[in-house]
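Accompanying notes for the structure given below.
None of these values were measured; they are calculated from a predicted model.
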Amino acid sequence: MKTVVVGLSGGVDSSVAAHLLIEQGYNVIGLFMRNWSDKSVIIDNECPWITDSNDALEVAEMLGIPFQVLDFSKEYKERIVNYMFEEYQNGRTPNPDILCNREVKFDLFLKKALELGADYVATGHYCRKKTTSNNNETIYRLMSGIDDTKDQSYFLCQLNQLQLSKALFPIGELRKTEVREIAKKMNLNTAEKKDSQGLCFIGKVKLPIFLQQQLKPKKGKIIEIQDKHSTFNYDSELSKYNPYNLTQDMGKEIGIHNGAHFYTIGQRKGLNIGGKPEPLFVIGTDTTKNIIYVGQGEKHPGLFRKGLSVEINNEHWIREDFKIKNGESQTYLSKIRYRQELTNVKVKIHKSKLLFLFDEPQRGITSGQFIAWYKDDEVIGSGVIS
């Protein structure tokens with residue numbers, strides 16, 4: 001009998017995942033990961049780790065499986081939180097959920113599970129795993145979940161072949177409504193529990209307060225740039241792939257902010273400036289000079305770009321056999337954020353970068369975030385946006 005360690009989060013998805021694995025004949029062990037304990041940055045009590053841990057324990061007792069709590073808070077701070085501070089400090093916007101899956105769930109957690117004698121780890125992600133072969137070698141494929149409204153394959157876009165080989169996704173073939181129905185039939189305590197939100201394993205946080213633990217407020221200029229400015233019409237071949245080069249002399253100072261590192265492209269809240277015909281949105285940040293650039297309206301051209309780039313050392317191919325070589329190009333589907341519709345993109349290599357050119361301009365392309373590219377419903381690779 002194969003042994004599977006399930007990451008019980010205290011939510012309905014991982015609860016049902018554990019139940020399905022028992023039904024399939026696996027020897028199942030439940031593990032809860034404690035990765036955060038600082039309550040000072042939590043907005044409310046919707047996702048505190050103590051409540052989640054208790055819910056996970058109750059699920060394990062109802063299912064009749066062993067249960068343990070693992071404390072990864074030290075490693076989580078080192079690998080995720082410190083990285084977040086560093087990225088925000090440098091004017092980039094990280095995605096902690098993608099990092100959390102790569103660094104915690106499918107690294108620390110996986111290694112611990114293997115130490116316990118597990119053959120696999122399982123999570124409650126809405127995605128699927130399939131296999132194919134190439135030269136008699138098994139290749140693991142990361143597929144979108146059946147439920148388009150809940151598909152979480154984007155969050156797993158940094159996994160590698162070894163991690164996928166040890167992963168099971170029991171609810172990937174189900175819709176959320178079906179998962180809740182199974183939980184209700186089993187009388188699981190998590191059947192009606194709301195989905196968790198906010199940072200991975202932390203919950204809803206006051207992000208400015210969270211960041212201010214290490215990033216101090218620093219007053220700077222807010223510069224408004226009009227939508228007719230010529231910089232948004234500059235369309236040389238390589239400029240398509242880079243952020244707009246915004247400078248103070250392109251616009252007019254209209255206010256003061258508390259730190260450029262607290263803002264990200266596309267942000268509307270927190271500017272505290274009224275009296276404009278249309279809402280203001282952040283279209284650029286300069287953390288070196290501590291300036292943020294804004295524009296009026298959701299259709300301001302500064303919010304949209306036709307392309308982006310990924311440094312070669314920040315690219316990741318789940319399917320190494322699809323990796324693009326110099327001089328080659330390929331068309332894929334892509335997304336630059338969770339819940340975004342997949343959109344066509346052409347990918348090619350130029351010097352030390354992967355270049356991505358979209359069929360349609362994309363809103364809010366942000367350095368530090370991840371682009372994931374797909375072939376049909378399979379994740380082929382991903383990379384950190386430059």
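What you find for Ser53 and Phe67 is that their closest heavy atoms are O-CZ, 3.9 Å. When all heavy atoms of Gln369 and Thr93 are compared, the closest pair comes out as NE2-O, 2.8 Å. Contact between Asp147 and Thr149 at its shortest, heavy atoms only, is OD1-OG1, 2.6 Å. Between Leu21 and Ala122, the shortest heavy-atom distance links the atoms CD1-CB, 3.5 Å. Residues Val282 and Leu271 share a closest heavy-atom pair of CG2-CD2, 4.0 Å. Heavy-atom minimum distance, Pro217 versus Phe262: CA-CE1, 4.0 Å.
The residues Lys74 and Glu78 are annotated as salt-bridged, a charged nitrogen and a carboxylate oxygen being separated by less than 4.0 angstrom. One finds no salt bridge joining Lys252 and Glu224 here, because no Lys/Arg side-chain nitrogen approaches an Asp/Glu carboxylate oxygen to under 4.0 Å. We find that Asp195 and Lys150 are joined by a salt bridge, their nearest charged nitrogen and carboxylate oxygen being less than 4.0 Å apart. Ion pairing between a basic and an acidic side chain is recognised when a charged N comes within 4.0 Å of a carboxylate O; Lys130 and Glu378 show no such pairing.
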For a side-chain contact (heavy atoms from CB on, under 4.5 Å) check, start with the C-alpha distance between Val379 and Leu156, then their side-chain angles and the critical distance, and finish with the verdict.
CA-CA 9 Å; Val379 187; Leu156 301 177; over 6 Å; no
Stepwise, does the side-chain contact (heavy atoms from CB on, under 4.5 Å) test hold for Gln152 with Tyr126?
CA-CA 5 Å; Gln152 293 174 308; Tyr126 286 87; 3.6 Å; yes
Evaluation steps, side-chain contact (heavy atoms from CB on, under 4.5 Å), between Leu168 and Tyr26:
CA-CA 11 Å; Leu168 297 177; Tyr26 289 101; 4.1 Å; yes
Walk me through it: do Gln362 and Gln340 pass the test side chain to side chain donor-acceptor pair (under 3.5 Å)?
CA-CA 10 Å; Gln362 299 296 298; Gln340 182 192 21; 2.7 Å; yes
Quick one: do His19 and Ile182 satisfy side-chain contact (heavy atoms from CB on, under 4.5 Å)? Show the steps, please.
CA-CA 9 Å; His19 161 67; Ile182 292 170; 3.6 Å; yes
Given Ser14 and Ser9, is the side chain to side chain donor-acceptor pair (under 3.5 Å) satisfied, shown in steps?
CA-CA 6 Å; Ser14 59; Ser9 66; 3.2 Å; yes
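For the residue pair Lys218/Asn258, the side-chain donor-acceptor check at 3.5 Å is not satisfied. In the model, Asp377 has no side-chain atom that pairs as donor or acceptor with a side-chain atom of Ser144 under 3.5 Å. For the 3.5 Å distance criterion, the side chains of Thr190 and Ser15 qualify, holding a donor opposite an acceptor. A donor-acceptor pair shorter than 3.5 Å cannot be found between the side chains of Gln330 and Lys346. For the residue pair Glu103/Gln158, the side-chain donor-acceptor check at 3.5 Å is not satisfied.
No side-chain donor-acceptor contact under 3.5 Å links Lys323 to the backbone of Trp317. Panel note: side chain Asn90, backbone Arg92; no donor-acceptor pair is recorded below 3.5 Å. The closest donor-acceptor contact from the side chain of Glu315 to the backbone of Leu354 lies at 3.5 Å or more, if one exists at all. Between the side chain of Tyr154 and the backbone N or O of Phe370 there is at least one donor-acceptor pair closer than 3.5 Å. A donor-acceptor pair is defined here as one N or O able to donate and one able to accept, closer than 3.5 Å; such a pair exists between the side chain of Gln267 and the backbone of Lys269. In terms of modelled atom types and a separation under 3.5 Å, the side chain of Asn135 and the main chain of Glu137 share no donor-acceptor contact. Remark: the backbone N or O of Cys100 is not paired with any side-chain donor or acceptor of Arg79 at under 3.5 angstrom. Looking at Lys306, its side chain never comes within 3.5 Å of a backbone N or O of Glu360 through a donor-acceptor pair. In this structure, the side chain of Lys335 does not engage the main chain of Thr343 through any donor-acceptor pair within 3.5 Å. Judged by distance alone, the side chain of Asn101 and the main-chain N or O of Phe155 form a donor-acceptor pair under 3.5 Å.
No continuous path of hydrophobic side-chain contacts links Tyr263 to Ile256 [ILVMFWY only; heavy atoms under 4.5 Å]. Taken together through direct or relayed side-chain contacts under 4.5 Å among Ile, Leu, Val, Met, Phe, Trp and Tyr, Ile324 and Ile380 form part of one hydrophobic cluster. Linking ILVMFWY residues whenever their side-chain heavy atoms come closer than 4.5 Å, directly or via other members, places Leu142 and Leu333 in the same cluster. Cluster annotation: Met84 and Phe72 are assigned to the same hydrophobic cluster (Ile/Leu/Val/Met/Phe/Trp/Tyr, side-chain heavy-atom contacts under 4.5 Å, transitive). Following chains of ILVMFWY side-chain contacts shorter than 4.5 Å, one cannot reach Val310 starting from Leu355, and the two form parts of different hydrophobic clusters.
In summary, of the residues considered (Val104, Asp71, Leu99), a side-chain contact (heavy atoms from CB on, under 4.5 Å) with Tyr76 occurs for Val104 alone. Only one option out of Arg180, Lys176, His125 pairs with Asp13 in a side-chain hydrogen bond (donor to acceptor under 3.5 Å, both in side chains); it is Lys176.
Asn189 is listed as a side-chain neighbour of Met62, based on a closest heavy-atom distance under 4.5 Å. Within the 4.5 Å cutoff, no side-chain heavy atoms of Leu70 are placed close to those of Arg34. The side-chain heavy atoms of Arg175 and Ile146, taken from C-beta on, include a pair separated by under 4.5 Å. A heavy-atom distance below 4.5 Å is not found between the side chains of Phe356 and Tyr332. With a 4.5 Å cut-off on side-chain heavy atoms, Asp107 and Arg102 do not count as touching. A 4.5 Å side-chain heavy-atom check between Val347 and Ser329 finds every atom pair outside the cut-off. For the pair Val179 and Val12, the minimum side-chain heavy-atom distance is below 4.5 Å. Side-chain atoms of Ile371 and Ser382, non-hydrogen and from C-beta on, never get closer than 4.5 Å to each other.
Summarising the local packing, NZ of Lys375 is surrounded by 12 or fewer heavy atoms from other residues, nucleotides or ligands at distances under 6.0 Å. More than 12 heavy atoms of other residues, nucleotides or ligands lie within 6.0 Å of NZ in Lys276, so this atom counts as buried by the packing criterion. By the 6.0 Å contact criterion, CD on Glu341 is open, its count of non-hydrogen atoms from other residues, nucleotides or ligands being 12 or less.
To the nearest 0.5 Å, the span separating CD on Gln296 from CD on Gln226 amounts to 6.5 Å. Between the CG atom in Leu308 and the CD1 atom in Ile365 there is a gap of 5.0 Å [rounded to 0.5 Å]. In this structure, CD1 in Ile291 is found 10.0 Å from CG in Leu246, a value given to the nearest 0.5 Å. To the nearest 0.5 Å, atom OG1 of residue Thr3 and atom CG of residue Leu116 are 10.0 Å apart. Once rounded to the nearest 0.5 Å, the distance linking NZ of Lys105 with CG of Leu108 reads 12.5 Å. Atom-to-atom distance recorded for Lys129:NZ and Ser165:OG is 6.5 Å, nearest 0.5 angstrom.
Cation-pi geometry between Arg305 and Tyr241 is not met at under 6.0 angstrom from the ring centre and within 45 degrees of the axis.
Between Tyr244 and Phe232, the ring-plane angle classifies as perpendicular under the 30° and 60° cut-offs.
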